[in-house]
Amino acid sequence: MQNSPLPFLDLKAQQRRIEPELRRRLEAVLAHCQFVLGPEVAELEEKLAAFCGAAHCVGVSSGTDALQIALMAEGIGRGDAVFLPAFTYTATAEVPLLLGATPVFVDVDPATFQIDPVHLRARIAAVAARGVLRPRAVIGVDLFGQPADWPALDAIAGEGGLFTLDDCAQSFGARLHGARLGTQAAATATSFFPSKPLGAYGDGGALFTESAERAALYRSLRTHGEGASRYEVLHTGVNGRLDTLQAAVLLAKLSVFEAELAARARIAAWYDALLPAGVIRPARVADAESAWAIYAVLLPDAATRARLQSALREAGIPTAIYYPRPLHQQPAYRAQHDGSALPVSEDLAARILALPIHPDLGEADVGRVCDAVRAALG
Ligand SMILES: *Cc1c(COP(=O)(O)O)cnc(C)c1O
């Protein structure tokens with residue numbers, strides 16, 4: 001029993017908890033057959049906007065498409081510099097590149113892992129001074145469930161008139177200074193990939209904004225840039241709508257989302273209390289509540305991490321490395337990087353390790369993980 005594998009993520013346990021509501025929602029879609037932009041999409045948009053206190057929510061086909069539509073709406077493209085953290089998922093950098101813009105990598109805070117506002121200001125100043133690229137946008141990522149330092153990012157972006165985009169793919173449901181994320185930047189993008197805190201049964205995403213103009217543009221862009229009538233094309237858009245079936249799944253999951261966020265926070269506190277000394281717990285962003293997408297610890301060095309990861313695997317405990325390589329060192333993006341030093345991102349990539357966290361993980365499971373960590377490091 002002790003060695004039976006522990007799931008990193010337990011979507012089956014969650015499905016058992018929500019099954020009646022899930023089936024009711026899916027059957028409603030099967031009955032009306034409006035698979036594209038059916039009534040569940042509008043209902044979900046309304047509920048998500050209310051949940052995070054945003055004026056507008058637009059459902060889209062993925063978190064990546066949410067980021068892309070937000071940048072397309074600002075006309076960002078060739079010659080534009082888009083500032084983003086080097087320590088994030090690839091999608092954050094891929095989107096500006098797809099639009100012909102240039103990602104400029106910024107280092108992160110060594111304690112919270114969030115984009116470093118001091119380095120951001122220096123990077124914007126350096127790009128402006130060089131005069132080759134035009135500083136246009138900042139994509140702040142709320143990494144691992146915690147919010148980036150939005151008041152600082154917003155102030156720095158404001159100095160240069162840069163557009164702010166919150167990549168909240170991992171952190172929908174988190175709070176900063178009492179408010180849920182969704183209104184910190186000019187636009188907020190989230191993802192409903194199944195492993196995110198609020199996950200669908202396939203791809204999905206959403207955009208949030210306070211601006212009615214931006215929301216209308218996002219709605220147009222997600223449907224090929226269509227105008228008031230279906231066959232009037234106002235913009236070059238994409239096929240980027242949220243599926244009705246995914247919206248139905250998300251409506252069922254939204255009914256238990258707050259309870260799941262609370263469960264994740266309890267699990268994080270158990271880890272904090274039970275992990276042995278020598279394992280650095282995740283530092284908390286001040287005056288914030290994490291959505292706990294990921295519980296990531298730091299080990300003293302890469303060799304210790306490798307030893308721990310293989311011992312845990314032997315004990316049936318899966319772990320993951322987010323991220324083994326910062327983006328400026330990825331083969332696809334290396335050529336985009338101006339050679340600026342990003343030492344924190346490189347150091348984190350060598351020493352970070354994510355432990356299992358999901359709402360159905362029990363206190364005994366966390367105890368088992370922590371005992372195995374202690375045994376491996378002892
Ligand atoms: C998951 C993720 C995305 C992309 O979301 P998809 O829905 O998979 O396209 C973007 N940014 C970050 C930080 C993510 O973790």
Side-chain angles (χ1 to χ4, degrees), residues 8-9 11 44 48 57-72 82-99 103 105-106 108 112-115 137-148 150 153 164-174 181-182 184-185 187-208 218 222 238-243 245-247 249-250 253 264 285 290-296 320-328 330 332-333 345 348-349 352 354 357-358:
F8 194 72
L9 179 73
L11 293 176
L44 179 72
L48 292 176
C57 171
V58 180
V60 296
S61 43
S62 71
T64 307
D65 290 333
L67 294 170
Q68 179 171 333
I69 288 169
L71 294 188
M72 286 171 78
V82 177
F83 298 82
L84 55 101
F87 195 65
T88 178
Y89 184 58
T90 181
T92 318
E94 160 187 278
V95 165
L97 279 166
L98 276 171
L99 299 177
F105 298 109
V106 178
V108 296
T112 65
F113 316 147
Q114 309 298 322
I115 185 170
V138 175
I139 308 181
V141 177
D142 307 309
L143 201 71
F144 297 166
Q146 295 210 87
W150 281 105
L153 300 182
T164 52
L165 174 55
D166 181 355
D167 180 345
C168 190
Q170 300 178 1
S171 305
F172 188 69
L181 295 181
Q184 300 288 333
T188 297
T190 198
S191 164
F192 305 125
F193 187 79
S195 64
K196 310 286 182 177
L198 181 61
Y201 283 172
D203 284 303
L207 276 161
F208 300 88
Y218 299 161
R222 78 173 171 186
V238 293
N239 179 351
R241 294 164 296 232
L242 178 67
D243 268 18
L245 280 166
Q246 297 305 339
V249 169
L250 289 163
K253 291 206 185 187
R264 286 174 182 271
V285 168
S290 178
W292 290 111
I294 287 163
Y295 185 94
I321 297 175
Y322 307 114
Y323 296 91
R325 243 198 252 201
L327 294 184
H328 66 290
Q330 288 289 359
Y333 305 142
S345 298
L348 294 178
I352 204 159
I357 190 164
H358 61 77

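One-based numbering, in listed order, for ligands and for the atoms of each. The residues of the chain are indexed from 1 along the displayed sequence.
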CZ on F87 to CG on L348, rounded to 0.5 Å |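 Between L348 CG and F87 CZ, I get 5.0 Å after rounding to 0.5 Å.
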Distance from I357 atom CD1 to Y295 atom OH, nearest 0.5 Å?
->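 OH of Y295 is found 8.0 Å from CD1 of I357.
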Which residue holds the protein heavy atom closest to atom 11 (N) of ligand 1, what is that atom called, and what is the gap in Å?
->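 Protein heavy atom with the smallest distance to atom 11 (N) of ligand 1: D167 OD2, 2.7 Å.
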Do Y323 and T90 have side-chain N/O donor and acceptor atoms under 3.5 Å apart?
->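 T90 and Y323 do not have a side-chain donor-acceptor pair below 3.5 Å.
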What are the two closest heavy atoms between A169 and K196, and how far apart are they?
->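 In terms of heavy atoms, the two residues are closest at O-CD, 3.3 Å.
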Taking only heavy atoms of S62, which atoms of ligand 1 are found under 4.0 Å from at least one of them?
->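 Answer for ligand 1: 7 (O), 9 (O).
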Do ligand 1 and [X] have nitrogen or oxygen atoms that lie under 3.5 Å from each other?
X	answer
S191	yes
T64	yes
V141	no
T88	no
K196	yes

Could you go through the side chain to side chain contact (heavy atoms under 4.5 Å, CB included) check for T164 and L153 one step at a time?
-> CA-CA 8 Å; T164 52; L153 300 182; 5.7 Å; no
Decide if atom OH of Y89 counts as having more than 12 heavy atoms of other residues, nucleotides or ligands within a radius under 6.0 Å.
->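 Incorrect, the count does not exceed 12.
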